[in-house]
Structures are given as C-alpha cells and as structure tokens.
Amino acid sequence: MPNKIIITIDGWSSCGKSTLAKQLATALGYVYIDSGAMYRAITLYFLRNHIDWTDPKSVKQALADIQISFHFNPKSQQTEIFLNDENVEYVIRDLVIAEKVSDVAAIREVRSYAVAQQQVMGARKGIVMDGRDIGTTVFPDAELKIFMTADSAVRVERRFRELFAKNPNINIEEVKANLEMRDYIDSHREVSPLRKADGAIEIDNTNLTMPEQLEKAMKLVKKII
Ligand code: DC
C-alpha cells in the first residue's frame, strides 16, 4: 500500500490499546509493536537478576546485557517479544511483573533505552505502536495519533477476565488496585508522563464493540492515506 504512515495509540492501562493496534496492523499489513512489552521484559530481567533499580549504575550495566527483539509467530499469528533469545511474551503478562513495571518504566535510563529502539523500529513507517508516550515522545510527528480511554470499571473487568483465564486464584480487588496504581504512576512520573499528545484523536471504547472501534479508527486512517 503506498503512503505508509506511523500510527500511535496511547492511553490508560487496559483500555483496549493493543486490541485496536493489532486490528489496525492486520487490516493495513503494518507491523504492530507493543511498547509496554519492552518495559515488562526489562522488569522481568531486573527481577530475575536482582538488579537494584534505584541505582543508576546498576541499571545502566543491566541494560547493556539486555537484547530485546520482536518476531512474528505464525502459530499464534502475532508478534511476540524476545528477551535475550527467550520468548517472554506470556510470562511478562503476570501480575508480579505488572506490580513493578510502572516503577521500572519511570527510570530515565530505561526510557531512553526503550525509546531509542522504538524510534529505529518506526524508521520505515508502516507501523502501529501502542503505549503511554508514543505520540508525545517516541513519534511526535506521527501521521495519526490516537488516545484511548474507557470507563475505569470496564477496564478493571476486562483485565480481570484476561488474568482470571490464566490464574483462577486472582481477585478483582487486586486487579483494580494494580490498575489504579499504574495509572497514577504512569501519569505522574517526571519523564514522559502519560498525557494526550498534541493533535491526538480520542476514542472512548467503553461502549464500542471490537468491530466498531476498528471501523472508527479505519475512518481516521482513510482520511490520511
Ligand atoms: O501497556 P502495558 O500495560 O503492557 O504497559 C506496562 C507498563 O509499561 C505500564 O504500566 C506503563 C509502562 N509503559 C510506559 O511507560 N511507556 C510505554 N510507551 C508503554 C508502557
């Protein structure tokens, strides 16, 4: 398709960013990159290797030992993340990681490391990337910027259902507390806090079905390409 663009999707935790990003990438034949997965993979590495992330020197050293890459898995039909050649796509979704990831993602060195790699991935355009700072910091000149929101009770319910499918011992209060904590840290940190980018178009998907949200976003895309 001529005229490839960059599409950024930012917003609160669990408001359907990755679902929309995957739908758009499939519809357009674009690459989908889950930038949150990078912060989760770094958190996994820090936890496994007992890295003291309050110490900038230890963080820098640890980052030098980390290689992150994304590969399309034809079996799952999705792009999956690898941490030093290990597929960590599923392990990083655990609540243990979710409890620490916002703290790790607030570290300046971690953000520069991730942002630099994200910018390289978008150099040839034809990419949909979701996260918290994609439209503000990573690709401020992106052709289409979307900011997603959804009612917080709906977001808790969605994330609970997702986690419950893997772990029936999970309780909804735990999930709600984690989402509230992450939203707070993500939007109040010093470096690149979550906010709606200049020129971003808001989509509230509280009452939208998946086909409806895709239709809305595709209308925006078609205006551009
Ligand atoms: O999208 P997610 O829930 O997988 O993201 C995990 C965490 O990573 C989230 O709490 C905030 C952080 N994050 C970020 O700071 N910047 C991004 N571009 C993406 C995610």
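For the single chain, residues carry numbers from 1 onward in sequence order. Heavy atoms only: backbone and side chains are in, while hydrogens, waters and symmetry mates are out. Order of listing sets the numbers, starting from 1, for every ligand and every atom in it.
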Let me see the working for Arg161 and Glu157 under salt bridge (Lys or Arg N to Asp or Glu O under 4.0 Å), right down to the final yes or no.
-> CA-CA 6 Å; Arg161 266 191 267 130; Glu157 181 67 34; 3.5 Å; yes
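A side-chain N or O of Asn87 and one of Glu80 form a donor-acceptor pair less than 3.5 Å apart. Inspection of the Tyr32 and Gln78 side chains reveals no N or O donor paired with an N or O acceptor under 3.5 Å.
Pocket lining of ligand 1, defined as residues with a non-hydrogen atom under 4.0 Å away: Ser35, Gly36, Tyr39, Arg40, Val101, Ser102, Ala105, Arg111, Gly131, Arg132, Asp133, Ile134, Arg182, Asp186, Arg189.
With side-chain heavy atoms closer than 4.5 Å counting as contact, directly or through intermediates, the hydrophobic cluster containing Val156 also holds Leu95, Phe160, Leu163, Phe164, Ile170, Ile172, Val175, Leu179.
Under the side-chain hydrogen bond (donor to acceptor under 3.5 Å, both in side chains) criterion, Gln61 pairs with no residue at all, not counting sequence neighbours.
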Let me check something: any side-chain donor-acceptor pairs from residues 97-106 under 3.5 Å, sequence neighbours excluded? List them with distances.
residue	atom	partner	partner atom	Å
Ser102	OG	Asp186	OD1	2.9

